2 protein chains.
Amino acid sequence: MVDNNAGHTIGQLRRGVVDHCVLALLKKGEGYGFDLAKTLAHAQLIAGEGTIYPLLSRLRREGLVDTQWRESDQGPPRRYYVLTESGEAALENFRSQWARFKQSVDTVMGLPEEDSHVE
Amino acid sequence: MVDNNAGHTIGQLRRGVVDHCVLALLKKGEGYGFDLAKTLAHAQLIAGEGTIYPLLSRLRREGLVDTQWRESDQGPPRRYYVLTESGEAALENFRSQWARFKQSVDTVMGLPEEDSHVE
DNA sequence: AAATGGTACCTTATTATGCATGGTATCGTC
DNA sequence: GACGATACCATGCATAATAAGGTACCATTT
């Protein structure tokens with residue numbers, strides 16, 4: 001109940017990043033919600049599964065991902081997500097924004113700027 | 001009126017970062033709102049002055065900064081902000097979180113992980 | 001076949017915070 | 001004394017992560 005300031009900080013950091021992380025994961029190959037949630041939770045990029053489904057709905061609503069139900073060999077059926085062209089474009093767009101943003105923060109923070117070469 | 005998705009994305013990115021950027025700037029020396037706003041706007045870390053004052057109020061309320069009114073040679077009086085010990089601690093705390101967070105995102109994004117040496 | 005636990009999905013309310021907008025006061029200059 | 005620039009502050013809004021709770025399916029065990 002009592003929120004650590006630390007935990008809260010990271011929570012705000014994740015804003016506007018998690019969705020594009022999903023896109024990045026989907027670029028590597030199709031995935032379904034529960035699995036994406038586990039991956040992102042392991043990377044400490046989300047706190048629990050409660051985050052992933054509204055997020056995926058949003059991505060679908062915005063046309064950045066496509067979905068298809070599919071039966072699973074072991075377990076309940078899953079809704080698989082794949083990146084659309086629009087989603088790939090959004091991902092690329094985010095990549096450059098992320099690089100610039102990162103550098104801005106690092107500069108203000110007084111961290112050394114590494115030469116971030118994105119090819 | 002019509003919000004670019006691009007512009008909006010960056011807006012969400014700034015969440016939870018801007019306040020600590022202010023702390024970082026104040027670590028380099030005292031400052032006042034209008035000037036901080038200009039610096040951060042130049043670094044594209046805020047959109048305008050509208051952001052800085054509620055933010056500074058929050059920092060003051062949380063005891064991360066101290067303030068003092070002071071007359072100015074040229075212009076109206078200013079409210080100068082200085083970092084408290086609590087603020088320095090929060091900044092240090094954020095630094096490590098930022099490093100970890102950055103790396104997590106870069107990893108998921110498929111970017112090369114630079115060796116982030118935190119001493 | 002009924003109960004259990006894990007997988008998988010979804011919805012709702014809460015909360016934090018960047019942003020736009022508009023307002024007030026001071027100073028120097030004309 | 002009017003104007004613009006500086007400097008500060010408050011209000012309302014939209015966004016998105018989170019917590020919490022709920023539904024349904026599947027495999028295993030009894």
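Note that this is a predicted model, so its numbers are computed, not measured. We name chains A, B, ... by the order of the sequence lines, and we start the count at 1 in each one.
Here dA16(D) presents its P atom at 16 Å from CG of Leu13(A), a figure rounded to the nearest Å.
For Val18(B), the listed nucleotide lying nearest its side chain is dG18(C); candidates were dG18(C), dA20(C), dC9(D). With dA7(D), dC10(C), dT11(D) as the candidates, the nucleotide lying closest to the side chain of Tyr53(A) is dC10(C). With distances taken from any side-chain atom of Arg58(A) to the nucleotides dC8(D), dA17(D), dT15(D), the minimum falls on dA17(D). Of the candidates dC10(C), dA17(D), dA7(D), dA7(D) carries the atom nearest the Arg78(B) side chain, counting heavy atoms from C-beta on. Here dT18(D) is the nucleotide among dT18(D), dC9(D), dC10(C) with the atom lying nearest to any side-chain atom of Arg14(A).
Put simply, the side chain of Arg15(A) and the base of dA17(D) share no donor and acceptor less than 3.5 Å apart.
Looking at heavy atoms from C-beta onward, Val65(A) lies out of side-chain contact with Val22(A) at the 4.5 angstrom threshold.
Taking every heavy atom of both residues into account, Leu56(B) and Gly33(B) meet most closely at CD1-CA, 3.7 Å.
Contact annotation: Tyr32(A) does not reach the phosphate of dC9(C) (side-chain N/O to OP1 or OP2, under 4.0 Å).
At the heavy-atom level, Gly16(B) lies under 4.0 Å from the strands shown only through sugar-phosphate atoms.
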### Trace of the salt bridge (charged side-chain N to carboxylate O under 4.0 Å, His left out) decision for Arg60(A) with Asp66(A)
CA-CA 6 Å; Arg60(A) 188 166 35 152; Asp66(A) 258 341; over 6 Å; no

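Atom-to-atom distance recorded for Leu40(A):CG and Arg14(A):CZ is 10.0 Å, nearest 0.5 angstrom.
For Asp35(B) and Arg78(B), the salt-bridge test fails: no basic side-chain N is under 4.0 Å from an acidic carboxylate O. With respect to the salt-bridge test (charged N to carboxylate O, under 4.0 angstrom), the residues Arg70(B) and Glu30(B) qualify.
Nearest-nucleotide assignment on DNA chain D puts the 5′-proximal partner with Ser57(B), out of Glu49(A) and Ser57(B).
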With B for base contact, S for sugar-phosphate-only contact and - for none (protein heavy atoms under 4.0 Å), nucleotides 25-30 of chain C reads -BSS--

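If you check residues 34-42 of chain B against DNA chain C, you find no residue with a heavy atom closer than 4.0 Å.
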